[in-house]
Amino acid sequence: REKRFIPDELDEHWAATLKFNMLGGVDPRRVDALQALKDNGLHLVAFSNGPRKYCCKVLRTIGLFDFFGDENIFAVTDVLPHCKP
């Protein structure tokens, strides 16, 4: 079966062209909530059905990337071609 898209190209396209200013920027309530979880010893991870570069850019744009770090973000491009049942 032929692939309909090349994952790296989709990742680059989403990260480069989507309008991240529509996300509303940093929300101090989200930052405070995640900081409280981390302060209480929870190990934070993020899962997304979006491509990795896009997810990382979203998390940076809304000020949450540092709570997870690259090693604790899991995106659809990490599990292709088996991303959905």
**Student:** Can any side-chain N or O of Thr77 pair as donor or acceptor with the backbone N or O of Arg52 at less than 3.5 Å?
**Tutor:**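 Between the backbone of Arg52 and the side chain of Thr77 there is a qualifying donor-acceptor contact (under 3.5 Å).
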
**Student:** To the nearest 0.5 Å, how far apart are SG in Cys55 and CZ in Phe47?
**Tutor:** 11.5 Å

**Student:** Is there a continuous path of hydrophobic side-chain contacts, each under 4.5 Å between heavy atoms, that joins Phe65 to Leu42?
**Tutor:** yes

**Student:** Side chains of Asn72 and His43, heavy atoms from C-beta outward: is any pair under 4.5 Å?
**Tutor:** yes

**Student:** Ala46 and Leu59: which non-hydrogen atoms are nearest, and at how many Å?
**Tutor:**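 Taking Ala46 first and Leu59 second, the nearest heavy atoms are CB-CD1, 4.3 Å.
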
**Student:** Apply side-chain contact (heavy atoms from CB on, under 4.5 Å) to the pair Val26 and Val31, showing each step before the final yes or no.
**Tutor:** CA-CA 8 Å; Val26 177; Val31 172; 3.8 Å; yes

**Student:** Distance check, rounded to the nearest 0.5 Å: Arg29 atom CZ versus Leu34 atom CG?
**Tutor:** 13.0 Å

**Student:** Do Val45 and Ile73 come close enough that some side-chain heavy atom pair is under 4.5 Å?
**Tutor:**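 The answer is no, as the side chains (C-beta and beyond) never meet within the 4.5 Å cut-off.
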
**Student:** Please report the closest heavy-atom contact between His13 and Thr17, naming both atoms and the distance.
**Tutor:**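 Looking at all heavy atoms of both residues, the shortest contact is O-OG1, 2.6 Å.
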
**Student:** Given side chains that start at C-beta, do those of Phe74 and Ser48 come closer than 4.5 Å, heavy atoms only?
**Tutor:** no

**Student:** Any donor and acceptor pair, going by atom type alone, linking the side chain of Asp78 with main-chain N or O of Ala75 inside 3.5 Å?
**Tutor:** yes

**Student:** Please name the pair of heavy atoms, one in Phe67 and one in Lys38, separated by the smallest distance, quoted to 0.1 Å.
**Tutor:**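 So the minimum-distance heavy-atom pair works out to O-NZ, 3.2 Å.
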
**Student:** Are Val58 and Leu23 side-chain neighbours, meaning at least one heavy-atom pair lies under 4.5 Å?
**Tutor:** yes

**Student:** For Glu12, give me all partners under side-chain contact (heavy atoms from CB on, under 4.5 Å), at least two apart in sequence or on another chain.
**Tutor:**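 side-chain contact (heavy atoms from CB on, under 4.5 Å) list for Glu12, sorted by chain: Lys53.
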
**Student:** State, to 0.1 Å, how close Leu64 and Phe68 come at their nearest heavy-atom pair, and which atoms those are.
**Tutor:**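 For Leu64 and Phe68, the tightest heavy-atom pair comes out as O-CD1, 3.3 Å.
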
**Student:** Could you tell me which non-hydrogen atom of Tyr54 sits nearest to which non-hydrogen atom of Asp11, and how far apart they are?
**Tutor:** N-OD1, 3.5 Å

**Student:** Would you please test Leu37 and Leu44 for side-chain contact (heavy atoms from CB on, under 4.5 Å) and show each step?
**Tutor:** CA-CA 8 Å; Leu37 293 172; Leu44 303 178; 4.1 Å; yes

**Student:** What pair of heavy atoms forms the shortest contact from Ala15 to Phe20, and how long is it?
**Tutor:**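 Scanning both residues, the minimum pair turns out to be O-CE1, 3.4 Å.
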
